[in-house]
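Encoded as structure tokens, the structure appears first; notes follow it.
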Amino acid sequence: MNKKKAIATLEAILFAMGDSVEVSKLAMVIDADESVTREYLEEMTEKYKKGNGGIMMAWYDDSVQLCTKPEFYDDLVKIATVPKKHVLTDSCIETLSIVAYKQPVTRSEIERIRGVNCDHAVNRLLELELITELGRLDAPGKPILFGTTETFLKTFGVRSVDDIPHPDAVAIEEFKQQAEEEVQLSLGI
């Protein structure tokens, strides 16, 4: 398939799907290597970025999606059903943060870090499809391993878990020191 037809095919598929599609599947459709397919998709990404249109390409790990540019969201919701916004509790946010930074992680590891039971938070995050079961740890009891999902990436606007910002070591040490001081003050030491 020539390049022009391949790019048109990719665009048609992404438009029709309305959700993200793995690069490997797109490569199969246009009968090209994944590297060539990625090159075409990057070219499309740049075209949409430079254009004045209302759509863009969004990347999520090894998947890509054709979607509305964020600046057109307010206009879009005037005729579309307003998407249901889920509010995450503090415990869900804390649990999700642990999963995002430590994945794959077990429920007991999350509870050890948080210091409290996390059953409700984990179940809620599973229900919202922000985390998923990745398998089981090869240890006694075979505990479930949790990790983030593509929905997590979309919700928080990151392309990959590698793009999640990490706090610098100095800030972490300052937080630890402040926490220790607070514990000492609460104990009257």
Here the gap from Asn123 atom CG to His120 atom NE2, rounded to the nearest 0.5 Å, amounts to 8.0 Å
Looking at every heavy atom in both Glu111 and Val116, which two are closest together, and how far apart are they? CG-O, 3.4 Å
Taken to the nearest 0.5 Å, the spacing of Thr148 OG1 from Asp61 CG works out to 7.5 Å
Check the surroundings of atom CG in Asp31: do more than 12 heavy atoms from other residues, nucleotides or ligands lie under 6.0 Å from it? no
Working for side-chain contact (heavy atoms from CB on, under 4.5 Å), residues Leu153 and Arg159: CA-CA 6 Å; Leu153 297 176; Arg159 184 172 177 168; over 6 Å; no
To the nearest 0.5 angstrom, please state how far the CH2 atom of Trp59 sits from the OG1 atom of Thr45. 5.5 Å
Looking only at heavy atoms, the pair that brings Glu34 and Val23 closest together is O-CG1, 4.1 Å
Heavy atoms from other residues, nucleotides or ligands near CG of Asp119 exceed 12 (cutoff 6.0 Å): yes
Can you tell if the side chain of Val64 reaches within under 4.5 Å of the side chain of Leu10, non-hydrogen atoms only? no
For the residue pair Ala6 and Tyr40, what are the closest heavy atoms and their distance? CB-CE1, 3.6 Å
Gln65 (side chain) donor-acceptor with Val21 (main chain) under 3.5 angstrom: no
Are Val36 and Met44 connected into the same hydrophobic cluster when the rule is that any two of I, L, V, M, F, W, Y join if their side-chain heavy atoms are below 4.5 Å apart? yes
For a 4.5 angstrom cut-off between non-hydrogen side-chain atoms, does Leu96 reach Phe156? yes
Minimal non-hydrogen separation, Arg114 against Ser91, with atom names: NH2-CB, 3.4 Å
If you define the side chain from C-beta out and look only at heavy atoms, does anything of Glu94 sit under 4.5 Å from Cys118? no
One should read off an interatomic distance between Met28 CE and Glu22 CD, to the nearest 0.5 angstrom, of 9.5 Å
Tell me whether Leu137 is reachable from Val99 by hopping between hydrophobic residues (I, L, V, M, F, W, Y) whose side-chain heavy atoms are closer than 4.5 Å. no
Within the distance-only criterion (no hydrogens, no angle test), does the side chain of Gln103 pair as donor or acceptor with the backbone N or O of Ala100 below 3.5 angstrom? yes
Kindly determine whether Leu128 and Leu88 satisfy side-chain contact (heavy atoms from CB on, under 4.5 Å), including the steps that lead there. CA-CA 10 Å; Leu128 295 174; Leu88 295 177; 3.5 Å; yes
Any side-chain heavy atom of Glu43 sitting closer than 4.5 Å to one from Glu46? no
For the side-chain contact (heavy atoms from CB on, under 4.5 Å) test, which of Val122, Thr95, Leu134 pairs with Phe146? Val122
If I compare all heavy atoms of Val105 with all of Lys102, which pair ends up nearest, and what's the gap? CB-O, 4.0 Å
Test item: Thr149 side-chain N/O and Phe152 main-chain N/O as donor-acceptor pair under 3.5 Å: yes
Greater than 12 external heavy atoms within 6.0 Å of Glu127's CD: yes
For the student: nearest non-hydrogen atoms of Cys92 and Leu125, plus distance: O-CD1, 3.7 Å
Is a donor on one side and an acceptor on the other found under 3.5 Å between the side chain of Asn2 and the backbone of Lys4? yes
Salt bridge check: are Lys25 and Asp62 linked by an N-O gap of less than 4.0 Å? no
Look at atom CD of Glu42 and say whether more than 12 heavy atoms of other residues, nucleotides or ligands are closer to it than 6.0 Å. yes
Connected via hydrophobic side-chain network under 4.5 Å: Ile13 and Ile55: yes
How many angstroms lie between atom CD1 of Ile30 and atom OG1 of Thr37, to the nearest 0.5 angstrom? 3.5 Å
Would you please test Met57 and Leu66 for side-chain contact (heavy atoms from CB on, under 4.5 Å) and show each step? CA-CA 5 Å; Met57 296 280 281; Leu66 198 58; 3.7 Å; yes
For the CG atom of Leu14 and the CG atom of Leu26, what is their distance to the nearest 0.5 Å? 5.5 Å
Whether Lys154 side chain and Tyr60 backbone form a donor-acceptor pair below 3.5 Å: no
Are Phe15 and Met1 co-members of a hydrophobic cluster defined by side-chain heavy atoms under 4.5 Å apart? yes
